[in-house]
Every structure is written in structure tokens, then in C-alpha cells.
Amino acid sequence: MQIDPRIKSRPLYDPVVIRSKAKKHLFIGAGAELDALYASLPQEQCIRVAGGADGLTEALRAELDKVFDTLPLASAVYVCGSEGFMWDIRNLALAAGLADEQVQMCKPSTKERRLFCTHCYEITEGVTHSPQVCSACGRLLLVRDHYSKLHGAYVGVQINAEDPADIPETEELV
Amino acid sequence: MSTDSIRVRVSGIEQVSPLIREFTLEAIDGEFLAFSPGSHVVVEMPAEPRPHRNAYSLLSDPRDSGCYRIAVRLQEQSRGGSVYMHESVKVGDELTITPPANLFAPNWNAGKHLLLAGGVGITPFMAYLPELKRRGADFELHYLYRGSSTGAYREQLKAELGEQCFLYDSEAGERCALGELLAEQPRGTHVYICGPEELIAGVREVTEELGWPASHVHFEAFAAPQPGNPFEVELSRSGRTVKVDGETTLLEALEDAEVDVPHLCRGGVCGQCVTRVLSGDIEHRDEFLSAAEREQGDCIMPCVSRASGKRLVIDL
Ligand code: FES
């Protein structure tokens, strides 16, 4: 099963650059790319929040809500971590009144994908192969390149709806 | 104009400032559609050698489909549309308009809406206000005008909006400190500017300098087509050549020659009229193409832009 090359919604990750006019710079997650950017700015303009290794936990969300609340209009957010985590942060930032262009993401730290099941609407984390069994409803899902920004996840569609015995070969995702 | 034009009758005319007249339009056949705040219509006025067609923001309450209202500032330097509206149009006259189109809609996700109006640029905001109030949105209106010529609706606005309305009469020496105003806005604010080019350019510059996200800065910048040098345009598909004189836009010259070009705003902002250029240099006067697209030099917006040389070859 081939992933459709015509689907263009898969996000691209450009190198992160400092928004030089921003008054506050918020760095979220741990990574060499962020370290270097963080070090290049005056300390008083920066806020650093660690975490992200376990995704957006309740504790981290609570902490970030407080931090976002202190940000001025002219802010910049830089985030690294897994792809799903970075998009969670982006959605949190948007809800806090920031614009898309104020949130910059590093290259995802792993190839693992978050998968959104279009049948039961549940999420399966850490997906590396297609097809993949949905962790909630057990359907066998084709992992598509189509990305839902809202869910921070790739879309999964049942692959053998017609014939449950028809199980295609598993492929590693890139 | 195409088949989706709407016949209207002028049912009221009111002088709302020394240079601005308000026109109330009623549909001749059936009813108007409700519209979204920030919408405009293109009004077609009969004139020789060709009709005037100007875009005007709708200023009535968007939910009121009983009538549409527009306001026209007299522009002595213009190509005649506003002079026609002021001097020739009488109550009871018929005109045609296009259905409303919106290139300046509010972003309803904004935490706060900062409206900046310059002169007759108040008009789209007249339609924003009832909707902002219905939604209980946080907003402020800052209105810059000249007391002796523009400044329409200001007493009414002040009375209705109170503390949310800030008036600046430049003739009374009242200045809006844009830098301060824009620096103190909370996260989540969107700013909307409608007014003269200098005001729009000023706000864009200040917001950029202050680190505002560009997607939170909205402006309505219709370019009234300006005259230029005459040139010729060759239509590659038919091999025909059309002459464009100095007072005529490329779009009008093509229409005169019965060449159909899709269009909407006729003011260089909507992007509908984009036409491929095969050769010749372009004088870009639109707000639509990006710097990179201009650089490329293979597209023109014929509603406002012209050839910078004597000849263009276009893909029509
Ligand atoms: S008609 Fe809108 S850009 Fe030309």
C-alpha cells in the first residue's frame, strides 16, 4: 500500500529563526537547536519551560497556561519534541491569542506519528508502521500523510473494511 | 456587468459630512441578501464612454436586508465616479450593483478588535459595530478625520459607544499616537485599518516594528485606478491588439474590446482579474501580488496595473 504522493498537507519544518522584534521569547522542550537559540538572546527576554518528553501532561498544561497568560502581544514561541507534542503546544498558543506565525517548531524529534482514527476519533501514539491497529477500536488503519493540525495527528482510515481477512503488508513510515 | 448584477433604486440621500454623502439603496426585484461585516459592492453608474464602476463598503447593519447603505466621499481628483454620485444621482434613480463580496471580514477568534478608521474609511466599521455588539466582543474604535470635510457619523458613534470610541479631529490638532496605542494592546488583539494609504502604511510599519504578528493586521486598501501612459496590448490567443489610452485601465480597455476578464473589486485587492503576461514590462499598482510574484513579472492585475513600456503581450 502506497501513501498517496499527491497529498500535500504533511507539515514541513523549516529551520527555526528568532523573531527579532518579539518582546518575549518562550522556549518549550529540550533540544540542542533550542539551546543555541536560547543562548543567543538576553536572559530577561526569555522564558524556558522544560518537559515534553511525556507529551503535554496535565501538569505541563497548567504551567503553560500560566506562562501564556503573562505573554505580551509581541511574543514568540519555539518548541521542540515529538510532532504531536509540538502541535499541541501550537494549539494551546493559538487558544491563548497568539498567531500561527508566532509559533515555530523544530524538526520532530522522532519519526513516530500520532494517529487519529477517523472511525472512533481516538488517538494512537507512537506509530511507526502502516497499517496500524487503532488502540481504541481495533480497526486496522492505513496511516495517511494527510495531517490534521487540529488533532496534531495523521489521519488513519480502515484498510480492510470489505474483507477483514485481507491484511496488507506492513511498511515502515518515513 | 455580468448577469449577477442587482438593480437598485436610490431611496434616500443624506449629506453626512461636508464631503461625504450617504445613499440608501433598495432592491428593485425581490430582496437583498444579508451580508457579512466588511463587505463591499461595486456600483455601476451610467456614463460615457463607459460606465463608472466604484467599490463601496456597505455600512448598514449586515442583518438588515431591507436596504443597503453606502457612503461616498467626493474625490475631485478621481476619474469621476464619486463626482457622478454626488452631482448626478438623485432619489428615485436606478443603478446596478454587484452582490456583496467581502475582503475585509473581522476575525472572530480575536480577543479584542481594534478598529482604526481614517475619514470615509469609517464605512466598513459601521457594519462591524452592530455585529461586534451582538457578539459581546471586546473592541475599540479610533476614528481620525478632518472636522471641516469628513468625520461622518461621529456624534452618533460617540453617543452609542461612549468610552469605546476615540475621536481625533486633525484640524483641532488632535493626533492619534499610533505607536503608543499599538504598543499597549493585549495578546490576541487584531487591528483593522480602513482609510488613506498613509494611515495604512503607518500602521503596518508600526505594528511590524512592535513585533505584531502580521496575520493580526488587516486592512482594506482599494486602489482607485490612476491614469498613466498609453500603451498597446497584444492578445496572444487571437493575435488582436488593443490600445489603452492614459485615462483608461487595462481592464476597461479589454472590456471595451469585448474581451471578458473575471473581476470583483476593480481595485487591485481581490486577485480575481489576474492575467498572465507573456512579454513586456509591468507597472504593478495592486495590493494583491506578492513581492516575489511582481519580481517574476509574468502576471498583471489589469484593474489597476499598467504597462511600464509601450507594449504588453498577454495570455488572453
Ligand atoms: S478585480 Fe480585484 S484585483 Fe483586479
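Basis for what follows: all heavy atoms, side chains included, without hydrogens, waters or symmetry-related copies. Numbers restart at 1 for each chain; the letters A, B, ... are given by sequence-line order, proteins then strands.
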Enquirer: Could you tell me whether A/E125 atom CD has more than 12 heavy atoms of other residues or ligands within 6.0 Å of it?
Expert: yes
Enquirer: Please check if atom NZ in A/K149 has more than 12 non-hydrogen atoms from other residues, nucleotides or ligands closer than 6.0 Å.
Expert: no
Enquirer: Answer yes or no: are there more than 12 heavy-atom neighbours, outside B/E197 itself, under 6.0 Å from its atom CD?
Expert: no
Enquirer: Take atom CZ of A/R48 as the centre, draw a 6.0 Å sphere, and report whether it contains more than 12 heavy atoms from other residues, nucleotides or ligands.
Expert: yes
Enquirer: Heavy-atom distances under 4.5 Å only: say whether B/A214 touches chain A with side chain, backbone, both or neither.
Expert: both
Enquirer: Which atom names give the shortest non-hydrogen contact between A/E101 and B/S215, and what distance separates them?
Expert: OE2-N, 2.7 Å
Enquirer: Answer whether the closest heavy-atom distance between the side chains of B/P213 and A/L73 falls below 4.5 Å.
Expert: yes
Enquirer: Given 3.5 Å as the limit, does a donor-acceptor pair link the side chain of B/R187 with the main chain of A/A96, or not?
Expert: yes
Enquirer: How long is the straight-line distance from CD of B/E208 back to NZ of A/K21, given to the nearest 0.5 Å?
Expert: 5.5 Å
Enquirer: So does B/L210 get a backbone contact from the side chain of A/K23, meaning a donor-acceptor N/O pair under 3.5 Å?
Expert: yes
